[in-house]
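Following: one structure in structure tokens, then a few remarks.
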Amino acid sequence: MAEGFKIDQRHGKSRVRVARVWRPHSGGHVMVEWEVDVSLFSDCLPSYTSDDNSSIVATDSMKNTVYGKAKECTEELTLERFALLLARHFTTYYPQVTGAIVSIVEKPWERVLIDGKPHSHGFKLGSELHTTEVTMKKCGAVNIISGLKNLSLLKTTQSGFEGFVRDKYTLLPDTRERIVATEVTSSWRYKFANISQIPPAPFCFRQRYNEVKKVLSDTFFGPVDTGVYSPSVQNTLYLMATAVLNRFQEIEWVHLRMPNLHFLPVNMSSKENPNMVKFADDVYLPTSEPHGTIQATISRAMSKL
Ligand SMILES: O=c1[nH]c(=O)c2[nH]c(=O)[nH]c2[nH]1
């Protein structure tokens with residue numbers, strides 16, 4: 001590299017917002033809203049070291065490509081497949097582009113039900129976000145990570161925390177009865193390492209996303225009547241992630257980040273009224289900060305041959 005320096009670089013367009021509506025002749029409209037980030041690894045070093053921009057793919061063109069490709073997608077597709085399609089385009093269309101990272105966040109528009117019947121063209125906003133990050137090299141090597149954000153879960157019982165380190169700074173009492181609440185952020189890697197390995201339909205990334213979300217929340221809650229006791233957020237996180245890995249062989253690892261959103265017992269008293277509010281697992285002060293943050297990536301252990 002010139003002048004004894006080394007440079008690692010990529011450039012792209014962030015937060016490209018696009019909505020796509022499909023209007024099939026039979027049945028209701030289908031719509032998605034995506035926020036797309038594109039970042040390209042490309043051979044354009046002269047643009048950093050001189051005034052030569054001749055090999056730069058303009059980020060404006062990247063943005064336009066998102067809209068152009070959305071238009072070309074005449075059939076409904078998932079955000080993972082749209083990210084793959086964009087990454088494939090950028091890495092094959094431009095000789096100087098050696099790799100691409102395409103990240104997409106989908107806004108949770110859900111079809112409205114009126115008196116139990118799905119509306120043909122009405123949508124309302126849900127809460128969890130479906131995410132993906134596709135990294136692709138020119139040779140077709142891929143890394144497909146999908147995920148979710150904003151999955152808020154809470155249990156009013158069947159949670160405790162005891163037996164932890166006690167020292168001169170410890171005030172927290174042991175408990176076997178508390179509220180546990182969290183807002184799960186998760187990502188998971190699919191094992192497909194090359195575009196040639198990505199299964200065609202009926203494999204559906206959206207269906208897998210919904211199934212992973214269900215396994216995560218079912219494991220958090222346990223059976224409907226009895227629930228399942230959580231001795232710590234750490235243990236619950238581990239059981240959630242391993243349930244996903246046990247169920248879906250094409251998932252290599254699962255990352256979970258789970259804030260512990262504390263619900264503090266309320267006790268209030270005065271000299272005149274010593275028992276104004278005496279906590280009996282009933283009145284809590286919900287808090288958002290500070291909060292615990294428990295996170296881990298769980299992957300399959302290499303088998304010992
Ligand atoms: O489930 C928990 N894990 C912790 O690490 C922790 N730390 C804490 O203060 N409360 C909790 N709860």
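Counting starts at 1 for both ligands and their atoms, following the listed order. As the structure is a prediction and not an experimental result, all values here were calculated from the model.
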Just list the N/O pairs, ligand 1 to protein, that are under 3.5 Å apart, with the distance for each.
| from | atom 1 | to | atom 2 | distance (Å) |
| --- | --- | --- | --- | --- |
| ligand 1 | 1 (O) | R178 | NH2 | 2.9 |
| ligand 1 | 1 (O) | V233 | N | 2.8 |
| ligand 1 | 3 (N) | Q234 | OE1 | 2.9 |
| ligand 1 | 5 (O) | Q234 | NE2 | 2.9 |
| ligand 1 | 12 (N) | R178 | NH1 | 3.1 |
| ligand 1 | 12 (N) | N260 | ND2 | 3.2 |

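- Between Y94 and H89, the ring planes lie perpendicular to each other; the angle is over 60°, past the 30° to 60° tilted range.
- Identified under the side chain to side chain donor-acceptor pair (under 3.5 Å) test for residues 141-151, with sequence neighbours left out: E80-S146, N143-R189.
- Under the 6.0 Å distance and 45° angle rule, K155 counts as a cation-pi partner of F220.
- The two residues I198 and R81 have their closest heavy-atom pair at CG2-NH1, 3.6 Å.
- The cluster map of Ile, Leu, Val, Met, Phe, Trp and Tyr, joined by side-chain heavy atoms under 4.5 Å apart, puts M258 and V254 in the same cluster.
- Taking the six-membered ring where the residue is Trp, F205 and F203 present perpendicular rings, their angle passing 60° and hence far from 30°.
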